[in-house]
Number of protein chains: 4
Amino acid sequence: VSRKGVEGPALDTLLVDLARIQSSRERANRLFDWLIHPVPAQSFFREMWEKKPALIRRHNPEYYKGLFSTTEIDRILREDDVQFGVNLDVTSYTNGQRETHNPPGRALPFAVWDFYKRGCSLRILNPQSFSSTVWNVLSILQERFGSMAGANVYLTPPGTQGFAPHYDDIEAFVIQLEGKKHWRVYNPRSEDEVLPVLSSPNFSQSEIGKPILEVVLEAGDLLYFPRGFIHQGDCLPDDHSLHITISSYQKNSWGDLLHKLVPAALEMAMEEDVEFRKGLPLDYLTYMGVQNSDKEDPRRAQFTEHLLGLMKKLTSYAPVDAAVDQKAKEFLHDCLPPVHTAEEKACSVQGAPSRWEGGQAWEVKAHIKAQTKIRLIRDGIARLCSEGDVVFLHHTVDNSRVYHKEEPKCFEINPEHTDGVEFLIRSSPKFVSVGSLPCDTIEDKLSLAELLFEKGLVQTSEALLFS
Amino acid sequence: VSRKGVEGPALDTLLVDLARIQSSRERANRLFDWLIHPVPAQSFFREMWEKKPALIRRHNPEYYKGLFSTTEIDRILREDDVQFGVNLDVTSYTNGQRETHNPPGRALPFAVWDFYKRGCSLRILNPQSFSSTVWNVLSILQERFGSMAGANVYLTPPGTQGFAPHYDDIEAFVIQLEGKKHWRVYNPRSEDEVLPVLSSPNFSQSEIGKPILEVVLEAGDLLYFPRGFIHQGDCLPDDHSLHITISSYQKNSWGDLLHKLVPAALEMAMEEDVEFRKGLPLDYLTYMGVQNSDKEDPRRAQFTEHLLGLMKKLTSYAPVDAAVDQKAKEFLHDCLPPVHTAEEKACSVQGAPSRWEGGQAWEVKAHIKAQTKIRLIRDGIARLCSEGDVVFLHHTVDNSRVYHKEEPKCFEINPEHTDGVEFLIRSSPKFVSVGSLPCDTIEDKLSLAELLFEKGLVQTSEALLFS
Amino acid sequence: VSRKGVEGPALDTLLVDLARIQSSRERANRLFDWLIHPVPAQSFFREMWEKKPALIRRHNPEYYKGLFSTTEIDRILREDDVQFGVNLDVTSYTNGQRETHNPPGRALPFAVWDFYKRGCSLRILNPQSFSSTVWNVLSILQERFGSMAGANVYLTPPGTQGFAPHYDDIEAFVIQLEGKKHWRVYNPRSEDEVLPVLSSPNFSQSEIGKPILEVVLEAGDLLYFPRGFIHQGDCLPDDHSLHITISSYQKNSWGDLLHKLVPAALEMAMEEDVEFRKGLPLDYLTYMGVQNSDKEDPRRAQFTEHLLGLMKKLTSYAPVDAAVDQKAKEFLHDCLPPVHTAEEKACSVQGAPSRWEGGQAWEVKAHIKAQTKIRLIRDGIARLCSEGDVVFLHHTVDNSRVYHKEEPKCFEINPEHTDGVEFLIRSSPKFVSVGSLPCDTIEDKLSLAELLFEKGLVQTSEALLFS
Amino acid sequence: VSRKGVEGPALDTLLVDLARIQSSRERANRLFDWLIHPVPAQSFFREMWEKKPALIRRHNPEYYKGLFSTTEIDRILREDDVQFGVNLDVTSYTNGQRETHNPPGRALPFAVWDFYKRGCSLRILNPQSFSSTVWNVLSILQERFGSMAGANVYLTPPGTQGFAPHYDDIEAFVIQLEGKKHWRVYNPRSEDEVLPVLSSPNFSQSEIGKPILEVVLEAGDLLYFPRGFIHQGDCLPDDHSLHITISSYQKNSWGDLLHKLVPAALEMAMEEDVEFRKGLPLDYLTYMGVQNSDKEDPRRAQFTEHLLGLMKKLTSYAPVDAAVDQKAKEFLHDCLPPVHTAEEKACSVQGAPSRWEGGQAWEVKAHIKAQTKIRLIRDGIARLCSEGDVVFLHHTVDNSRVYHKEEPKCFEINPEHTDGVEFLIRSSPKFVSVGSLPCDTIEDKLSLAELLFEKGLVQTSEALLFS
């Protein structure tokens with residue numbers, strides 16, 4: 001894509017700048033722009049996304065600096081409880097043989113670096129649990145994708161390869177952080193493997209044909225490829241490699257949405273339309289079925305026509321928005337919780353000055369008033385969904401950095417608060433005064449604001465007074 | 001429907017006559033004709049079936065004689081292991097209160113008739129397990145419906161009612177066997193309860209409106225009503241009532257077939273059509289979902305149109321015959337096993353003369369030859385279905401008279417036999433010579449015939465020779 | 001044991017005679033005496049039972065006639081639903097190789113006799129489900145053993161062997177019914193295999209040493225051997241063999257009773273004796289445990305002594321009778337239900353004249369009066385056990401002929417009836433008048449008698465009047 | 001016990017001093033001595049432990065300083081992921097009514113201090129997960145008890161009570177950290193509640209009688225009471241209270257050990273002693289059992305005597321050391337992992353200098369030699385147990401600070417290493433040279449030392465050289 005070195009802001013500076021942006025959606029756009037700079041997002045999504053690999057060369061080994069490093073792995077091994085097989089995999093790929101070498105128990109530097117020295121690759125499975133920067137970056141990017149953003153980190157010793165050729169079920173952004181890696185990318189092997197639903201097994205070299213892209217990725221470079229594109233990377237003899245792969249769009253296809261929509265449509269059709277409840281023809285088993293599939297019976301066409309007619313009619317009963325909400329709820333459960341800036345902390349329950357001091361609890365009452373201005377702490381952090389007659393607010397703020405460690409989180413919204421919540425969601429990221437919430441009484445407005453403040457879902461425009 | 005007494009053959013004579021009919025499908029038609037005589041089946045299915053109640057008055061208390069009787073209940077209680085709660089329910093409906101009075105353990109005449117004397121109704125839950133005639137009748141009728149035919153028997157003391165008003169999820173044929181019963185039938189209460197998917201709870205008298213049909217059913221009369229029609233029956237002060245309700249078409253609607261078809265279609269579409277695997281729009285969560293349902297955003301229409309377009313396109317991938325086979329397999333599992341006539345026994349494995357005699361086993365080898373003529377023992381007794389590359393023959397002959405006591409039964413058909421089996425199924429009920437089976441070698445023809453004979457699926461035109 | 005031919009009553013005559021004996025316990029003794037005639041039971045139990053094999057030769061092929069026959073197998077295959085693998089096993093033992101040949105599905109004569117002709121042995125797994133005589137014999141004998149009496153039937157073609165050498169976990173009475181069989185019996189291979197807890201795997205000929213008994217069993221002969229004695233039987237070239245093996249005393253050892261007693265004793269000791277609740281010594285882990293087992297530390301002996309002292313003390317808390325009741329309840333669940341004689345039927349609920357006749361139920365009220373004489377229908381048919389404060393009567397009358405097809409059966413006995421039930425159990429098999437039952441009021445006496453009559457647990461001395 | 005103010009070392013100084021003690025067992029003794037100072041441990045365990053409450057007054061509010069504080073709660077709420085209901089309970093006891101007020105989700109200071117202000121008590125359920133000091137103290141003390149040492153922290157607002165009177169199933173050391181609390185302690189209500197197996201439900205004031213001890217505990221004071229002693233504490237109007245309760249000896253009684261021993265003894269007896277496998281008397285059900293318990297039958301005594309004789313004989317088969325090992329394995333699973341001192345880190349795998357630096361892994365090879373001196377990192381950290389023929393080393397080093405978050409940890413010890421491991425365990429806490437390990441070859445000695453070093457089970461006397 002580009003042959004010329006590019007400059008950009010350092011990641012730490014960028015993240016500070018981004019924190020000043022009101023809209024977390026806009027923030028996500030800007031961070032993604034930086035990721036694929038200098039390719040404009042619009043052309044990226046039009047020409048490459050889900051279509052073909054893209055290589056961005058920067059000749060600037062510092063471009064992604066601060067995102068993650070081997071030094072940080074060393075720190076994490078020392079300070080955190082990293083478990084082999086859970087947080088870290090030790091792998092090798094030698095003579096066409098892919099192996100995993102995880103011992104049981106905790107991964108200490110002594111054992112890990114010994115594996116590395118002996119030519120094993122290391123894969124950190126969820127660096128966002130250990131690195132605040134990775135957590136922050138992914139928690140911003142997930143809003144860009146509207147789909148979970150995950151990451152793995154790969155450290156490979158010089159002259160080795162850690163994994164067999166294979167394809168994944170996610171869109172992959174390979175970010176070279178240190179050293180170099182020789183990559184080969186191959187087209188999907190057939191139409192059926194274009195944008196596949198599941199990852200592939202390991203392939204042998206003879207199964208994958210010729211690469212369509214062969215490149216030595218250097219620190220600062222980016223390689224993107226869609227799900228279904230086979231890939232393998234190995235280190236040059238003289239240089240190790242560290243890269244992080246950011247992934248998204250796992251099970252996020254139109255078909256995945258239809259998996260929610262279609263059964264719901266059928267259930268609704270059966271409830272609402274007697275045509276679906278009418279009995280099948282008395283004798284249909286005598287002319288339908290595989291056993292009769294080459295029979296020339298006019299009733300076959302008639303039966304099929306009626307059946308497919310009903311199937312088409314299902315669209316009239318398809319609860320599209322409710323199905324989207326099912327996807328949305330899963331997404332909210334998948335989401336990383338937000339990383340709060342100092343300012344956000346100061347203006348939210350996270351930073352409430354409530355404290356123990358001198359034998360007493362202080363400042364436990366937040367003075368929220370009609371003129372207090374509030375907004376959701378992030379655009380996409382919460383969503384109103386109804387189940388039967390009850391309205392629930394699903395949200396991400398109590399999620400864990402560890403994938404699905406917490407159950408999906410939601411709470412019921414009382415009828416007098418529903419419009420107020422909807423108003424807040426629509427107004428995001430604008431601040432609105434509590435008094436402007438469309439609730440019937442000032443008491444309702446205040447109680448809603450207090451509830452959302454206490455749950456950590458809203459921040460105020462200025463730090464509250466407490467007593 | 002009719003006000004005039006009608007004559008017909010006695011049931012035992014009829015069943016003997018029916019046994020002479022080659023085609024079990026034709027046999028089923030004739031038995032059903034007798035059931036609803038003098039209404040022609042064609043007009044019954046056109047005008048009443050799934051539409052409205054039908055009353056057939058016969059002024060002939062003998063019409064259904066031999067089908068079942070209270071004397072037979074007495075015999076069954078004495079001879080068979082009838083368990084309260086499993087095979088027999090003791091119920092009452094007094095002052096709007098419906099109660100069940102089953103004690104634990106075996107139902108002996110002493111306890112059962114005591115309950116009856118004290119005003120309780122008796123419901124025999126599966127008379128086909130105890131009465132060979134009911135078994136025979138239902139096993140014939142199931143082929144008329146292409147759907148399981150079940151039955152319950154109800155004995156009600158004079159001046160009492162055993163059940164609260166309710167509707168069922170099956171087509172019901174109420175056959176009055178002894179005494180009289182006062183019936184009231186009510187329209188479905190709303191469009192949603194027309195041909196309902198599930199049975200109703202018990203209703204109070206105030207919930208059901210005015211009856212559309214009120215009648216005193218006498219022995220020999222028939223009352224039909226479709227699922228969804230509320231009904232209640234009570235005895236006149238001076239006469240007990242015995243009736244059997246024959247039922248069918250439970251979960252046998254177009255929608256039930258779609259329950260098989262639609263998920264299979266979606267799976268196929270995801271495999272074969274990349275349009276279904278393509279990712280959802282990046283920002284769809286921001287304008288779709290219940291929370292956004294009143295937004296005026298042109299993307300909503302566009303999104304919905306594309307989604308519903310794909311949903312319509314599902315019909316192109318709908319494996320109609322395979323879905324029918326799924327229904328067919330469930331039906332075969334639901335089926336009663338066939339009741340063999342003496343002639344069928346003589347010409348099938350059931351009546352093979354193999355025996356122990358004088359300290360030895362005799363006649364264990366069946367002489368099946370190329371000129372031996374065979375056919376399926378019943379038209380609909382078996383069905384070829386494929387799973388992946390393997391073909392299975394599903395069948396009913398090893399089913400039990402007790403509902404689902406046996407697992408679904410099937411066995412693999414080797415490739416060299418597949419065409420032969422298909423040929424036999426298509427030829428049914430005509431006899432064909434073993435030599436005419438479309439297998440490659442005479443050995444294959446003979447081995448197939450022997451296999452199906454041994455499994456009890458075919459009968460020969462004449463009793464075989466054994467040695 | 002005996003070389004001389006012996007005479008005895010034919011089984012059918014004997015069973016009729018036995019039915020006249022009041023006490024079912026006495027009846028059991030008499031049937032067992034007949035089984036091992038002419039060996040006196042006392043000497044059998046003293047010298048052979050659980051000690052060594054015993055052979056009783058009778059030179060009277062008719063002695064066991066009527067118990068079971070191959071002709072009856074043929075009838076059963078024809079009339080009953082015999083399932084391969086459930087009710088019948090097809091086996092062979094050729095060239096040291098033991099195989100099972102069960103196809104799926106129902107066992108019809110055609111297939112079964114074909115297997116037999118081809119040299120396979122047949123094992124009927126629960127002949128008591130199909131043969132009323134076997135049911136009757138076993139249901140009488142179980143009271144002799146105080147432990148479940150089971151049976152298998154084995155039919156072996158001439159010149160073949162159906163099973164590999166092995167030992168069982170039950171006391172075995174091999175009753176030769178037809179033809180001849182060559183048997184070899186071997187001592188247990190070691191002390192550890194004397195009266196073993198579990199059956200052995202199949203042995204090879206080289207593992208079992210020399211037989212201690214080698215004999216050709218002929219119809220009318222009996223061979224007994226205790227659990228742990230290895231055995232194998234094969235047919236002579238010219239004669240088939242049919243034998244039935246009656247078994248008992250599976251898991252009926254002192255140790256099996258201790259399995260009930262010891263945990264209960266420990267639970268009681270912990271509740272009642274603070275010595276058991278006191279904490280272990282602070283440092284016991286430093287000198288006890290396998291790791292310290294060869295340490296010379298005086299605390300080891302002291303600790304062990306105290307611990308074993310407490311263990312001995314457990315006997316003071318051992319609820320012996322309650323533990324026996326646990327065994328008894330399992331036995332009652334294992335029991336076959338009683339086979340009623342015509343007289344027993346006439347005098348019990350089984351034969352109550354309650355019936356349907358002429359459109360009405362008749363004779364549903366049993367006239368039990370103070371002077372009516374009743375007794376348990378069998379001595380050991382019921383047992384009072386308490387759980388907490390509630391007393392239950394466990395019984396066998398609702399058991400099935402199929403092993404454990406029914407759940408254990410019991411019902412609560414109200415306090416006002418407890419003494420009455422106990423009195424009835426102790427009086428058995430004597431008849432006592434209802435008026436003599438030790439209940440407070442005549443109403444209680446009558447209601448208890450009615451309850452037990454209705455449950456089928458008691459019979460009257462004379463057929464009751466009904467109205 | 002004491003009325004005079006006492007002085008002792010500050011906890012932080014003490015912990016530094018303790019770290020210099022070689023033997024962790026000795027370290028545990030010293031820390032426990034400090035805990036109950038000035039009462040000598042010997043007299044405490046002789047006179048109070050499991051016997052009666054003990055009060056130690058110090059008039060020195062600083063005595064336990066540094067162990068835990070409300071300020072630390074505030075920090076933990078701010079920095080750690082404290083979940084309501086999992087890590088923290090909000091409770092109240094008002095007008096005899098005990099209530100829990102946990103909302104769902106994370107416990108932030110704002111909500112927690114608000115509850116406190118409104119009069120609710122806070123209970124931190126596992127302070128060792130959040131406080132390194134508590135973790136350190138408990139991990140040392142557990143070796144004193146040979147049983148898990150747990151802790152809860154309770155913060156109570158002035159003038160309130162958080163819990164109803166009750167007793168626990170553990171030995172409790174109530175350490176007053178801040179403020180004052182009015183305690184009332186009551187005798188067990190009956191012999192059966194002395195050293196009880198389970199905790200009690202909440203009692204009403206009328207159920208518990210008069211206190212045997214009533215005292216206002218002040219910061220620096222200690223109150224001990226055994227399991228079974230009912231207790232309740234409430235705050236004076238003017239002062240809050242913070243205390244930590246250290247607990248031990250849950251399910252650690254002689255009876256708990258018998259629960260392991262007795263079933264194993266019975267299993268062994270059945271295997272080894274034919275007396276246990278012999279059949280029960282034929283007729284025992286007729287004279288034994290609750291139903292026969294007042295029968296005067298000499299066989300009752302004889303049966304009981306034989307049965308209890310066998311029960312006593314079980315002691316001959318009791319595998320005492322194997323049963324202790326079962327308890328030991330459970331204890332090792334319950335244990336907190338050790339807290340390493342800087343020196344321990346330097347001399348163990350925890351502090352191995354292996355690291356990533358300058359694009360390479362450094363110092364991954366530990367130079368263990370014959371003269372290298374090693375020892376277990378703690379006395380009781382590991383235990384050899386055998387299962388069948390295989391020997392496993394169970395250990396605590398990979399346990400989590402969160403109770404049972406990790407599975408029990410062990411690994412197999414090869415035969416050539418077994419004696420070496422046993423030698424190391426016995427030598428603990430003395431250092432021994434690798435060359436002195438009783439293995440056959442120097443390679444075995446070195447490989448064992450390397451294995452245990454890598455697993456984190458041993459430390460060296462001096463920091464190793466690495467390359």
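Proteins come first, then strands; the chains are lettered A, B, ... in the order of their sequence lines, and each starts at number 1.
For C/Arg300, the CZ atom sits in a packed shell: over 12 heavy atoms of surrounding residues, nucleotides or ligands are nearer than 6.0 Å. In the displayed structure, D/Arg189 atom CZ is contacted under 6.0 Å by more than 12 heavy atoms of other residues, nucleotides or ligands. Heavy atoms from other residues, nucleotides or ligands lying under 6.0 Å from NZ of D/Lys51 number more than 12. Other residues, nucleotides and ligands place more than 12 heavy atoms under 6.0 Å from the NZ atom of D/Lys313. Within 6.0 Å of CD in C/Glu412 there are more than 12 heavy atoms belonging to other residues, nucleotides or ligands. At most 12 heavy atoms of other shown residues, nucleotides or ligands fall within 6.0 angstrom of atom CD in C/Glu191.
Residue contact with chain C, scored on non-hydrogen atoms closer than 4.5 Å, involves the backbone of D/Glu271 exclusively. Residue contact with chain C, scored on non-hydrogen atoms closer than 4.5 Å, involves the backbone of D/Glu275 exclusively. Only the side chain of C/Leu261 comes within contact range of chain D, with at least one heavy atom under 4.5 Å from a heavy atom of that chain. Proximity to chain C (any heavy atom under 4.5 Å) is shown, for D/Leu314, by both the backbone and the side chain. Within the 4.5 angstrom heavy-atom criterion, atoms from both the backbone and the side chain of D/Pro281 approach chain C. Using a 4.5 Å cut-off between heavy atoms, D/Asp379 makes no contact with chain C at all. Interface residue D/Phe145: backbone and side-chain heavy atoms are both found under 4.5 Å from chain C. Neither the backbone nor the side chain of D/Asp283 comes within contact range of chain C; no heavy atom of the residue lies under 4.5 Å from a heavy atom of that chain.
No other option in D/Glu50, D/Arg383, D/Gln326, D/Lys251 has as many heavy-atom pairs under 4.5 Å with chain C as D/Arg383. Put simply, of C/Leu307, C/Leu257, C/Val320, C/Val391, the one with the most heavy-atom pairs under 4.5 Å next to chain D is C/Leu307. When each of C/Met288, C/Lys295, C/Glu143 is checked for heavy-atom pairs under 4.5 Å with chain D, C/Met288 comes out on top. For the set D/Gly255, D/Pro196, D/Gly289, the entry with the most heavy-atom pairs within less than 4.5 Å of chain C is D/Gly289. Looking only at heavy-atom pairs under 4.5 Å with chain D, the residue among C/His306, C/Lys312, C/Arg144 that has the most is C/His306. Residue with the most contacts toward chain C among D/Leu282, D/Val262, D/Asp273, D/Asp325: D/Leu282 (heavy-atom pairs, distance under 4.5 Å). Between chain D and the options C/Val290, C/Leu384, C/Thr286, C/Leu308, heavy-atom pairs under 4.5 Å are most frequent for C/Val290.
Below 4.5 Å, heavy atoms of chain C meet heavy atoms from D/Ala265, D/Leu266, D/Met270, all part of residues 263-270 of chain D.
With hydrogens and angles ignored, the 3.5 Å screen pairs no side-chain donor or acceptor of C/Ser253 with any backbone N or O of D/Gly279. Side-chain atoms of C/Arg426 come within 3.5 Å of backbone atoms of D/Gln291 as a donor-acceptor pair (strictly under, hydrogens ignored). With hydrogens and angles disregarded, no donor-acceptor distance shorter than 3.5 Å links the side chain of C/Tyr284 to the backbone of D/Gly146.
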**OP:** Any chance you could lay out the salt bridge (Lys or Arg N to Asp or Glu O under 4.0 Å) test for C/Asp256 and D/Arg277, step after step, and finish with the verdict?
**Re:** CA-CA 8 Å; C/Asp256 291 304; D/Arg277 298 198 300 270; over 6 Å; no

**OP:** Show your reasoning for whether side chain to side chain contact (heavy atoms under 4.5 Å, CB included) applies to C/Val324 and D/Leu285.
**Re:** CA-CA 7 Å; C/Val324 166; D/Leu285 292 176; 3.9 Å; yes

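Separation of atoms CE (D/Met311) and CG (C/Leu258) is listed at 7.5 Å; rounding is to 0.5 Å. If you take OH on C/Tyr249 and NZ on D/Lys278, they are separated by 13.0 Å, rounding to the nearest 0.5 Å.
Between C/Asn292 and D/Glu422, the closest side-chain pair of non-hydrogen atoms is not below 4.5 Å.
Partners of C/His394 under the side-chain contact (heavy atoms from CB on, under 4.5 Å) rule, at least two apart in sequence or in another chain, are C/Lys329, C/Leu332, C/Cys385, C/Glu387, C/Phe392, C/Cys410.
When ring centroids are compared, C/Trp254 and D/Phe303 come within the 6.0 Å threshold.
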